[in-house]
Asker: 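Got a structure here, written out as structure tokens. Questions coming.
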Amino acid sequence: MRTGQREKTNDIGLSRADYSGLTTTLCQGCGHNSISSQIIAVAFELNIRPHEIIRLSGIGCSSKTPAYFLGKSHGFNSLHGRMPAVGTGALIANHSLLAIGVSGDGDTASIGMGQFKHLMRRNVRMVYIVENNGVYGLTKGQFSATADEGQELKYAGTNPFPPEDLCVEAITAGCGFVARAFSGDPKQVRELLKAALSHRGTAFLDIISPCVTFNNRDTSTKSYAWGKEHAEPLQDLAYVPKDFVPRMDEIMVTHFSPGEVKLVELHDGSHIQLRKLEEDYDPADRLGALHRLEWARQQSEFITGLLYFNDSRPSMAEVNDLTETPLTELPANKLRPSPEALEEIMHSFL
Amino acid sequence: MSPPGAKVNIAPSTLELADPGNGQAIINDFSIVVATVNGTGSQTSNLTLLRALFKMGIPINGKNIFPSNIQGLPTWYHIRVSHEGFIAFREPAEILVAFNQVTAKADMAKLPAGGVCLYSTDWRDISLRDDVYNYGIPTNQFLRQAGVKGKIKDYLTNMIYVGAIVQLLGIKLEFIEEALAYHFGRRQQLVDQNMGIVEMSYEWVAENLEKEDPYQVVPLDQTDGQILITGNEAAALGAVFGGVTVTSWYPITPSTSLVDALNDFLPKIRRDPDTGRATFAVIQAEDELAAAGMVMGAGWAGARAMTATSGPGLSLMSEFVGLGYFAEIPSVIWDIQRVGPSTGLPTRTSQGDILFAYYLGHGDTKNILLFPATAEECFEFGVIAFDLAEEIQTPVLVMSDLDLGMNTWMTPQFKFPSEPLKRGKVLSAEEVEERGFFRFLDLDGDGITYRTLPGNKNPKSAYLNRGTGHNRYAVYSEKPEDWEENMERLNRKFETARGMVPRPVIDQVDGAEIGIIAVGSTLPAIEEARSKLAKSGLSSDFLRIRALPTNDDTRDFVANHKRIYVIELNRDGQLHQLLTVEMPEMASRLMSLSRINGFPATARWIMNSIQAHESVNN
């Protein structure tokens with residue numbers, strides 16, 4: 001911020017500070033802090049009203065971060081691995097809310113794997129971010145389930161098990177917005193985040209976010225050095241707000257040639273612009289996405305970008321055919337049927 | 001006197017002769033047990049019989065003693081008929097329908113002398129007792145005559161015993177037809193088909209058997225205006241009229257039928273009349289962890305959220321309930337108790353989760369428990385559980401059990417709630433502007449603080465809810481004084497709750513020397529035992545706790561009696577333990593009378609146990 005000038009405000013008159021939170025208590029240089037900053041930047045840019053957002057998390061370093069952004073939004077720092085259930089309940093209770101959930105690889109890939117998959121399956125409308133660093137930080141350096149096979153850590157020794165790929169898990173669970181990013185590429189994180197906030201159901205962002213204290217050796221695929229060296233974006237991404245482009249008749253993700261720019265329409269009428277960097281990669285192709293991810297695993301590639309997109313499935317709230325007024329705002333006369341209704345039921349039990 | 005906490009020895013049961021043997025009729029006072037194979041549709045026959053008796057105006061209760069199995073294992077249905085209105089479980093039943101060849105021998109052995117045995121003459125190697133009245137029915141002959149083949153055979157076989165019982169007891173056929181019409185709704189063809197078999201059997205018995213036994217029914221007028229309903233259906237209906245908006249659950253016997261009932265009622269009467277859309281959501285979760293998590297998420301967001309489960313599910317919910325207590329989240333959990341530990345006896349009743357539920361959660365946790373004892377209370381507590389949860393901002397556990405929840409009870413019709421929905425201390429955007437917002441600051445001195453809901457447009461209303469240590473402004477804190485202040489306030493809130501939860505129901509009689517304290521579904525057995533004890537010269541006062549924490553009513557009751565029997569269905573006398581902790585200075589007055597075998601309490605057990613203990617005592 002430049003001194004001597006009034007702080008810049010967005011279209012709804014809020015400053016960046018209105019989207020900030022408490023000062024971070026994470027380690028200096030932690031990838032998570034960068035992601036928190038991008039969340040703040042995106043909320044500011046998109047003119048989000050703080051009361052329309054809820055912040056959610058589980059337990060772990062990453063789950064502490066909701067305290068550090070969007071301090072004027074309600075939030076729930078819940079239990080280890082249980083953010084999905086808490087989010088599902090909150091968002092069915094009030095479907096007008098938009099949720100940003102932050103989890104970690106321990107919180108999601110181990111203790112929370114079941115809930116993670118079921119949230120995707122239900123297509124709860126929320127942005128689900130995993131700040132993925134392959135290691136348990138708060139308990140000081142154990143391997144997580146996304147750690148590389150054969151990797152060595154100071155205290156944990158050698159990891160004998162293969163890593164889970166959360167993007168694969170998300171796609172097979174039915175998630176319609178699956179992306180991978182690197183916290184060292186803030187622009188990519190930002191554009192994906194913006195698009196994710198416009199998605200119809202669950203939008204999953206697997207963000208590789210290095211742990212500077214326990215897992216940042218150059219050989220680790222979760223390190224800064226590795227990320228900078230190896231990150232291979234599948235596309236150049238740019239989010240296009242709703243009012244910026246005329247509505248197109250039909251925009252398909254498929255059928256465009258490399259280098260060509262395509263607009264993919266998101267659920268709220270905004271778009272994500274994809275400039276394809278990799279020939280033949282089609283994010284609308286579920287099997288292709290899985291194939292590409294498996295190929296990347298075999299080749300030790302770090303692919304990033306929008307891996308899979310499909311918004312044909314209704315969200316959880318749509319499936320439940322809920323009233324337009326959120327359940328939490330229904331007046332008492334909509335919550336309690338009439339005495340006559342009770343009488344009729346009593347009669348049926350005579 | 002026994003030392004405090006002593007367990008009262010259970011006296012051996014003294015079986016009375018069922019048949020006085022003087023040729024006098026026994027009218028409207030007996031039990032029937034129907035032994036069949038599960039999965040054969042015998043439930044339809046049993047409920048038909050039950051409803052017909054109910055429609056005759058005779059007080060009844062039906063209890064299903066069933067296996068954890070889909071098809072092929074033995075199952076028993078007990079019907080208690082009592083002109084005195086005693087509807088507790090009673091064993092042995094005087095009338096046996098022995099329609100399961102596998103258990104017939106053991107079932108027959110249980111009959112009291114002078115009892116009745118109805119059996120199928122198609123069975124081989126059946127040795128009949130000569131001290132009971134035996135009636136053989138040629139079931140296969142009926143089925144051949146009716147031209148019944150295939151899968152429906154089993155179902156209709158069960159209607160054969162209905163016809164025979166109807167003839168033998170003197171039930172009017174019109175009541176059976178009414179009951180069948182109720183069961184099958186408008187499907188007249190099914191009513192006719194079943195009625196055909198009933199009539200065939202009815203006629204055959206009239207023509208071929210001579211009634212020798214003394215058991216009969218005659219119409220009464222004691223069920224006028226009443227309904228027949230299960231506790232779980234009543235609970236669901238209570239929730240519907242209590243304004244439930246979010247239900248998340250995972251299937252588990254014996255709670256499943258509660259959510260089944262919600263899924264039945266909600267779409268019928270809780271769709272928005274203007275748009276036809278749902279004012280509710282029922283989500284089948286992936287497990288009880290997720291079910292509890294969704295309830296907490298929804299409760300925090302401002303929903304009236306609930307789940308229904310049983311012991312094993314409650315175990316999985318314990319972390320979330322601890323969070324709910326500490327992060328102060330309104331939530332309702334119905335625990336339809338079954339026999340534990342572990343998978344235990346999943347289809348049998350118990351009151352074994354009292355201590356576990358009361359302290360559910362690690363660290364210093366205490367929860368509010370409600371104990372319905374009747375279907376009517378299941379309805380009432382279905383409503384007020386939400387009020388209490390939102391007013392006190394904490395999990396409320398409603399402790400029902402399999403007997404109350406899954407069995408069929410006669411009850412007065414439920415009254416429309418007289419009180420409006422009570423939503424507790426929730427601040428609007430304007431109120432936050434006027435008075436400020438301090439999430440955990442005890443402004444009113446009652447330990448209950450003010451909350452705001454997500455979506456509140458006032459930016460000052462936002463806070464980060466959490467299970468980690470926090471100060472009065474909901475900011476993370478590890479300071480010892482913050483922790484202590486918060487926990488002491490939670491304790492204050494719990495003290496406030498004592499005056500908000502349903503008070504006990506007390507029945508005092510003149511000259512009573514002893515007191516009885518109990519919760520929940522042991523009520524009918526206790527009422528019957530008290531009546532019989534009084535006739536034998538031992539009057540008793542009765543206090544039925546309807547909620548924990550207890551209040552002064554309970555303390556005064558204990559203070560006013562020299563000996564109090566605490567009756568419950570578990571091994572360790574859990575309610576007794578809690579009461580001795582609550583009032584250690586009076587612990588020696590409290591006697592534990594507890595037992596768990598999977599069956600509901602019987603009056604005989606209570607009576608014999610109290611008599612045995614009193615005779616030693618005097």
Side-chain angles (χ1 to χ4, degrees), chain A residues 18 21-22 49-52 54-56 59 66-67 70-79 82-94 96-97 114-115 117-118 122 316-317 320-324 326-330 332 334-339 341-346 349-350, chain B residues 227-229 233 237 240-243 245-246 248 265 269-270 272 275 277-281 283 285-287 289-305 319-320 323 413-414 416-417 420-421 452-459 461-468 475-476:
Chain A
D18 288 319
L22 302 173
R49 292 178 185 84
H51 70 266
E52 291 173 349
I54 52 173
R55 312 168 268 162
L56 302 171
I59 294 292
L70 305 186
K72 289 182 175 159
S73 301
H74 277 75
F76 199 152
N77 172 201
S78 67
L79 298 179
R82 313 292 171 230
M83 174 181 84
V86 171
T88 304
L91 293 166
I92 208 82
N94 186 341
S96 72
L97 298 169
Q115 295 208 346
K117 304 243 353 171
H118 285 277
R122 295 194 180 95
M316 172 106 195
N320 278 276
D321 191 26
L322 300 176
T323 49
E324 203 173 313
L327 298 181
T328 52
E329 288 168 23
L330 289 171
K334 299 266 185 194
L335 298 181
R336 174 172 284 168
S338 66
L342 180 62
E343 206 173 311
E344 202 172 307
I345 288 175
M346 288 295 95
F349 279 93
L350 274 172
Chain B
I227 58 166
L228 277 184
I229 195 168
E233 287 166 322
L237 207 49
V240 170
F241 281 84
T245 48
V246 176
S248 182
F265 295 131
I269 55 172
R270 278 286 301 280
D272 183 355
T275 62
R277 292 167 84 172
T279 65
F280 58 86
I283 305 167
E286 56 269 33
D287 54 31
L289 297 166
M294 290 181 205
V295 168
M296 294 302 161
W300 165 70
R304 297 206 132 187
E319 191 183 18
F320 261 117
L323 173 75
Q413 293 186 31
F414 306 150
F416 190 77
L421 304 182
T452 57
L453 305 180
N456 187 312
K457 287 180 179 157
N458 193 321
S461 74
Y463 72 101
L464 184 65
N465 197 34
R466 59 201 323 160
T468 39
V475 175
Y476 181 77

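The chains referred to below are lettered A, B, ... by the order of the sequence lines, with proteins before strands, and numbering in each begins at 1. The figures here come from the full heavy-atom set of this structure, side chains too, leaving out hydrogens, waters and symmetry mates.
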Asker: Run the side-chain hydrogen bond (donor to acceptor under 3.5 Å, both in side chains) test against B/E233 and tell me which residues pass, sequence neighbours left out.
Answerer: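 side-chain hydrogen bond (donor to acceptor under 3.5 Å, both in side chains) list for B/E233, sorted by chain: B/T230.
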
Asker: Please give me the minimum heavy-atom distance between A/K334 and B/T279, naming the atom from each residue.
Answerer: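 Of all heavy-atom pairs spanning A/K334 and B/T279, the closest is O-OG1, 3.8 Å.
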
Asker: Working to the nearest 0.5 angstrom, can you tell me the gap between B/D272 CG and A/L330 CG?
Answerer: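 These two atoms lie 7.5 Å from each other.
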
Asker: Contact between A/I92 and B/T245 at the side-chain level, heavy atoms closer than 4.5 Å - yes or no?
Answerer: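 In short, these two side chains do not touch, never coming nearer than 4.5 Å.
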
Asker: With chain B, which of A/M83, A/E343, A/M316, A/R55 has the greatest number of heavy-atom pairs at distances under 4.5 Å?
Answerer: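 Looking at each of A/M83, A/E343, A/M316, A/R55 in turn, A/R55 comes out on top.
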
Asker: Tell me, out of B/P454, B/P459, B/A303, B/A281, who's got the most heavy-atom pairs with chain A below 4.5 Å.
Answerer: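 Among the listed options, the one with the most contacts to chain A is B/P454.
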
Asker: For B/R277, does the CZ atom sit with more than 12 other heavy atoms under 6.0 Å from it, leaving out its own atoms?
Answerer: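 Yes, because the 6.0 Å sphere around CZ of B/R277 holds more than 12 heavy atoms from other groups.
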
Asker: Please determine whether the number of non-hydrogen atoms from other residues, nucleotides or ligands lying under 6.0 Å from atom CD of A/E344 exceeds 12.
Answerer: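 Open: at most 12 neighbouring heavy atoms sit under 6.0 Å from CD of A/E344.
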
Asker: For the interface with chain B, which of A/E324, A/M346, A/R82 has the highest count of heavy-atom pairs at distances below 4.5 Å?
Answerer: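 Going by pairs under 4.5 Å, I would pick A/M346.
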
Asker: Given the options B/G467, B/A291, B/A285, which has more heavy-atom pairs under 4.5 Å with chain A than any of the others?
Answerer: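 Ranked by heavy-atom pairs under 4.5 Å with chain A, first place is B/A285.
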
Asker: Of the backbone (N, CA, C, O) and the side chain (C-beta and beyond), which part of A/S96 lies under 4.5 Å from a heavy atom of chain B, both, or neither?
Answerer: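 For A/S96, neither part sits under 4.5 Å from chain B.
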
Asker: So for B/T468, is it side chain, backbone, both, or neither that comes closer than 4.5 Å to the heavy atoms of chain A?
Answerer: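 Side chain only.
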
Asker: Looking only at atom types and distance, does a side-chain atom of A/H74 sit under 3.5 Å from a main-chain N or O of B/S461, one as donor and one as acceptor?
Answerer: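 Checking the backbone N and O of B/S461 against the side chain of A/H74, a donor-acceptor pair under 3.5 Å is found.
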
Asker: Which distance, rounded to the nearest 0.5 Å, do you find between the CZ of A/R336 and the CG of B/L421?
Answerer: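 These two atoms lie 4.5 Å from each other.
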
Asker: Work out which heavy atom in B/I269 is nearest to a heavy atom in A/A341; give both atom names and the distance.
Answerer: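 Nearest heavy atoms, B/I269 then A/A341: CG2-CB, 4.2 Å.
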
Asker: Decide yes or no for B/T452 and A/H51: does some side-chain heavy atom of the first lie under 4.5 Å from some side-chain heavy atom of the second?
Answerer: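 In short, these two side chains do not touch, never coming nearer than 4.5 Å.
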
Asker: If we define contacts as heavy-atom pairs under 4.5 Å, which of B/E286, B/R304, B/Q413 has the most with chain A?
Answerer: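 The answer is B/E286.
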
Asker: Between B/N465, B/T275, B/V475, B/N456, which shows the greatest number of heavy-atom pairs under 4.5 Å with chain A?
Answerer: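 Going by pairs under 4.5 Å, I would pick B/N465.
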
Asker: Quick check for you: to the nearest 0.5 Å, what is the distance between B/F241 atom CZ and A/I345 atom CD1?
Answerer: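 Here the interatomic distance stands at 5.0 Å.
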
Asker: Taking side chain as everything from C-beta outward and backbone as N, CA, C, O, which of these in A/L322 sits under 4.5 Å from a heavy atom of chain B? Side chain, backbone, both or neither.
Answerer: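 Both parts, backbone and side chain.
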
Asker: Taking every non-hydrogen pair under 4.5 Å, which of A/P84, A/P339, A/A93 racks up the most with chain B?
Answerer: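 Looking at each option in turn, the highest pair count goes to A/P339.
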
Asker: If I measure from the heavy atoms of chain A, does B/P417 come under 4.5 Å with its side chain, its backbone, both, or neither?
Answerer: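 Both the backbone and the side chain of B/P417 come within 4.5 Å of chain A.
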
Asker: Let's test your reading of the structure: which of A/L327, A/T88, A/D321, A/T328 forms the most heavy-atom pairs below 4.5 Å with chain B?
Answerer: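 Among A/L327, A/T88, A/D321, A/T328, the one with the most close pairs to chain B is A/D321.
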
Asker: What are the two closest heavy atoms between A/F349 and B/I229, and how far apart are they?
Answerer: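 Looking at all heavy atoms of both residues, the shortest contact is CE2-CG1, 3.6 Å.
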
Asker: Between B/A290 and chain A, which part of the residue has a heavy atom less than 4.5 Å away: side chain, backbone, both or neither?
Answerer: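 Its backbone and side chain both get close to chain A.
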
Asker: Answer with side chain, backbone, both or neither: which region of B/L323 has an atom nearer than 4.5 Å to a non-hydrogen atom of chain A?
Answerer: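 Answer is side chain: those atoms of B/L323 sit under 4.5 Å from chain A.
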
Asker: Report which part of A/T323 has an atom under 4.5 Å of a heavy atom belonging to chain B: side chain, backbone, both, or neither.
Answerer: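 Its backbone and side chain both get close to chain B.
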
Asker: Determine which pairs satisfy salt bridge (Lys or Arg N to Asp or Glu O under 4.0 Å) with at least one residue from residues 290-299 of chain B, sequence neighbours left out, and list them in order.
Answerer: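 Listed by first then second residue: nothing to list.
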
Asker: Which atom pair, heavy atoms only, marks the closest approach of B/W300 to A/L56?
Answerer: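 Heavy-atom minimum between the residues: CZ3-CD2, 4.3 Å.
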
Asker: So which of A/N320, A/N94, A/L350, A/L70 has the biggest tally of heavy-atom pairs under 4.5 Å with chain B?
Answerer: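 Highest number of heavy-atom pairs under 4.5 Å: A/L350.
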
Asker: To the nearest 0.5 Å, tell me how far B/M294 CE sits from A/H118 NE2.
Answerer: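 B/M294 atom CE to A/H118 atom NE2 measures 9.0 Å (nearest 0.5 Å).
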
Asker: Output the distance between atom CG (A/L335) and atom CZ (B/F280), rounded to the nearest 0.5 Å.
Answerer: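 Those atoms lie 12.0 Å apart.
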
Asker: Going from CZ on A/R122 to CD1 on B/I283, what distance comes out if it is rounded to the nearest 0.5 angstrom?
Answerer: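 Result: 6.5 Å between the selected atoms.
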
Asker: Please state whether the side chain, the backbone, both or neither of A/Q115 comes within less than 4.5 Å of a heavy atom of chain B.
Answerer: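 Both the backbone and the side chain of A/Q115 come within 4.5 Å of chain B.
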
Asker: Could you check which of B/R466, B/K457, B/M296 has the highest count of heavy-atom pairs closer than 4.5 Å to chain A?
Answerer: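 If we count pairs closer than 4.5 Å to chain A, B/K457 comes out on top.
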
Asker: Using heavy-atom distances under 4.5 Å, tell me whether A/P337 contacts chain B through its side chain, its backbone, both, or neither.
Answerer: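 Answer is both: backbone and side chain atoms of A/P337 are under 4.5 Å from chain B.
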
